[in-house]
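Worth knowing before you read on, the calculation uses all heavy atoms, side chains too, and leaves out hydrogens, waters and symmetry mates.
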Amino acid sequence: MNNTETVKAGLKKRYAREKRFQFYGKAAVMSGFVFLIFLLFDITTKAIPAFSITEILLEVPMDRSSLGLSTDTSVSIDDEAIAAIDYAGLVKKSLRSQFPEATKRKDKKLLYRLMSGSAEYELRQLIIDDPGLIDGEPLSIWFKADDDVDTFYKLKRNTSRIKAQQVEFIASLKTESRIRTALNWDFFTNGDSREPEQAGIKGALLGSFWTLLVTLMVSLPVGIAAAIYLEEFAPQNRLTDFIEININNLAAVPSIVFGLLGLAVFINFFGMPRSVPLVGGLVLSLITLPTIIISSRAAIKSVPPSLREAALGLGASHMQMVFHHVLPQAMPGVLTGAIIGMAQALGETAPLLMIGMVAFIVDVPDGVLDSATVLPVQIFLWADSPESAFTALTAATILVLLAFLTVMNALAILLRNYFERQR
Amino acid sequence: MKKLMLVTALAAMTVSSVQAAGRDTISVVGSSTVYPFATVVAESFGKKTHFNTPKIESTGSGGGMKLFCSGLGVDSPDITNSSRAMKKSEYDKCQKNGVTDITEVHVGFDGITIANSKESEQFKLTRKDLFLALALQVPNPDGSKTLVDNPYQKWNEVNADLPAVRIEVLGPPPTSGTRDAFSELALEGGCKKIDWIKAMKKTDKVAYKTVCHSMREDGRYIEAGENDNLIVQKLVRNPNALGIFGYSFLEQNDDKVQGSIIEGQQPEFESIADGSYPISRPLFFYVKNAHTASIPGIKEYLEEFTSEAAMGDNGYLLDKGLIPLSAEVRAELRKNTSAGTRLVMN
């Protein structure tokens, strides 16, 4: 057998092997894809109920005696009198006039439990914003229903939390079309709440924003500076080797360790407050730094030596060479690394546990020194809440987080393309 | 360069503001079991008053105590929640670190339920059944006074009245307060029913604790994580399994799961409140009296928490699954809390 024959004999086998490999490759991609689709489908179906909310139409009387104000029209109504109105009582009164048949104490209690606790605050806000409503016509307002009613009406789930009497109330509301499902804007505009119908992600969203802002401001300049120095200026000796090994090691340290470090250094030693985005951002920047340094160094290293030599040959100083020629070339890689680091930071919860950002915080943070929590922590907290309506809110928050990550990664690709076209 | 300056400015800003700051938000830490109740009170307090809404961290009872007892001052929490009474060792640590004036507030009770899917039959269990089914070591079935590794695989081997179903119980991991309480109330409760083990308590307390508190590790008891919602979902999918979680989760999901009858008692609001349901535990929180003057709103927060509107017979905490104290105990509690009665342990 000569060489050609040997090759020919094995040819079939080689083609088969290549086909098999291609098949494995396709199967690997497909299975990953199927998992992703399954995950997205599962989360999306669970999240859909969170974006709508059940509302009930109430007629609220606006005459002075119903509001408990002086009936003497010559007396003007000041802010104090408006603040003192019994709004909860007003909501209850409107409910009673809607259902005059509920006279027993027990029935009335069930009736009141149809409404969300937010109704009285909404009503108060409405009247404070426009005191002219007083003395006017009775107002027809859509108020949010309680989360138990919401779950019952929206998802047709029948727990013992909805009593038979309440089912009748809801049926009668339905025949008069005084109950509807509407878009749940509060999910985007409210802070956290223990009442699912009032809970929103604005607090967590802004918390994530402030935290990432601190992370970006700290880790990007420090990371790039470290990478440039180590790659371009530092002498090659034992010390720099030691530093390099440590940076690579840091990238693999479990994130909770950074949380402990943050607790010891920033909170206990420097006396910074607990639960604030500033400390969270500093801790997260420790986590993202190795990622940024490693990817920036790789990007700087990949700039061709001919470019450096040309710059030096034309009389540029070492620093001019780095900042005018190498860094612009390396920018796409640096930015990709930075954004991947930020995306990693966006998803962290474990280190934040140690510095007190895993907490129930209602007020929306206005800056880096206000107590705040972040999106993944909000998911963690809601997933653990007993009220069944939080399941949907949890899934919806996961969707928001995924959307955020997608935007950040898309940004990384866009920036890379932009800088690649620049050179 | 610009960025570097920004960072420096930010750092400078922080240092100055930290130095200037007292704290105007109440800081609460502690038990994940009390967390659902404390958060509701905090939210309502924030809405009703002009104070900031208190910040509540769920650190677990032990972790909360550690933070609470670390010292006085704005860096340390004002209140810690706990699903058990403060231990002597923790009290001593508090005293040593200058936290000498503490008020204990008993909030109410929490029941622990053992539930299964509604598709299956309701279990009728005793604490002894639970001990025999779930302990690491049990008395030798041949009747001798020795311990053997738990041999039981099916419920009917434990107790002939129970169904011939494989023992499969989903519950919380050892870090959870619910698990502590389950070990203490259910396992030890059942353990005590066996006379010769009960006698061990006097002779060898350590061995007694080990026997009565150790869960079996051969896969019949499955640690399902701290997330009780997950346990509920798993029970729905596996009708043969039982799950251990707090009463509030049972109440929220009773269209899907049912609680087992323990020693003739249904896990219901009334039976837990009057103490006849055997697996229930008290819930507390502890306040630093030294902080009441310096942190705004603590006094009002305590008033809100102990008010009839919150923990009374029709209070909003009951809607969240809290089992209330009796009216007399509540009145006494309110008096002690507003007076700031000092906790003494010897």
Self-check item: Among the listed options B:Ser27, B:Pro77, B:Pro36, the residue most often paired with chain A at heavy-atom distances under 4.5 Å
Solution: B:Pro36
Quiz item: Crowded around B:Lys93 NZ? As in, over 12 foreign heavy atoms under 6.0 Å?
Solution: yes
Self-check item: Gap between atom CG of A:Asn268 and atom OG of B:Ser70 - 0.5 Å precision
Solution: 8.0 Å
Exercise. For A:Lys156, look at atom NZ and say whether over 12 heavy atoms of other residues, nucleotides or ligands are found less than 6.0 Å away.
Key: yes
Quiz item: Is it the backbone or the side chain of B:Pro54 that comes under 4.5 Å from a heavy atom of chain A, or both, or neither?
Solution: backbone
Quiz item: What distance separates B:Tyr35 OH from A:Arg194 CZ, expressed to the nearest 0.5 Å?
Solution: 7.0 Å
Exercise. Can you establish whether the number of heavy atoms outside B:Glu119 located under 6.0 Å from its atom CD is more than 12?
Key: no
Practice problem: Can you tell which part of A:Leu282 gets under 4.5 Å to a heavy atom of chain B, answering side chain, backbone, both or neither? | Solution: neither
Quiz prompt | Under-4.0 Å salt bridge between A:Glu120 and B:Lys47 | solution = no
Quiz item: Of the listed residues (A:Gly191, A:Gly117, A:Ala225, A:Ser388), which shares the most heavy-atom pairs with chain B below a 4.5 Å separation?
Solution: A:Ser388
Self-check item: Contact origin within A:Gln198 toward chain B - heavy atom pairs under 4.5 Å
Solution: side chain
Quiz prompt | Spacing of CD1 belonging to B:Ile56 relative to CD1 belonging to A:Ile361, to within rounding of 0.5 Å | solution = 10.0 Å
Exercise. Apply side-chain contact (heavy atoms from CB on, under 4.5 Å) to B:Phe249 and A:Glu387, showing your working.
Key: CA-CA 8 Å; B:Phe249 282 85; A:Glu387 291 80 5; over 6 Å; no
Quiz item: Would a 4.5 Å heavy-atom cut-off, applied to side chains only, mark A:Ile267 and B:Asp75 as touching?
Solution: no
Quiz prompt | Interatomic distance, A:Arg157 atom CZ to B:Asn253 atom CG [nearest 0.5 angstrom] | solution = 5.5 Å
Exercise. Identify which part of B:Thr53 has an atom lying under 4.5 Å from any heavy atom of chain A, answering side chain, backbone, both or neither.
Key: both
Quiz item: Considering only heavy atoms, which portion of A:Ser385 lies under 4.5 Å from any heavy atom of chain B: side chain, backbone, both, or neither?
Solution: backbone
Quiz item: Below 4.5 Å, heavy atoms only, C-beta onward: do B:Lys320 and A:Glu195 meet side chain to side chain?
Solution: yes
Quiz item: Is there a side-chain contact between B:Thr59 and A:Met354 (heavy atoms, below 4.5 Å)?
Solution: no
Quiz item: Under 3.5 Å, is there a donor-acceptor pair between the side chain of B:Asn229 and the main chain of A:Ala383?
Solution: yes
Quiz item: Which atoms of B:Leu250 come close to chain A, meaning under 4.5 Å heavy atom to heavy atom: side chain ones, backbone ones, both, or neither?
Solution: neither
Practice problem: With rounding to the nearest 0.5 Å, note down the distance linking OG1 in A:Thr391 to CD in B:Gln252. | Solution: 9.5 Å
Exercise. Take atom CZ of A:Phe390 as the centre, draw a 6.0 Å sphere, and report whether it contains more than 12 heavy atoms from other residues, nucleotides or ligands.
Key: yes
Quiz prompt | B:Lys66 NZ: over 12 foreign heavy atoms closer than 6.0 Å | solution = no
Quiz item: Which atoms form the tightest heavy-atom contact between B:Glu57 and A:Ala359, and what is the distance?
Solution: CG-CB, 3.4 Å
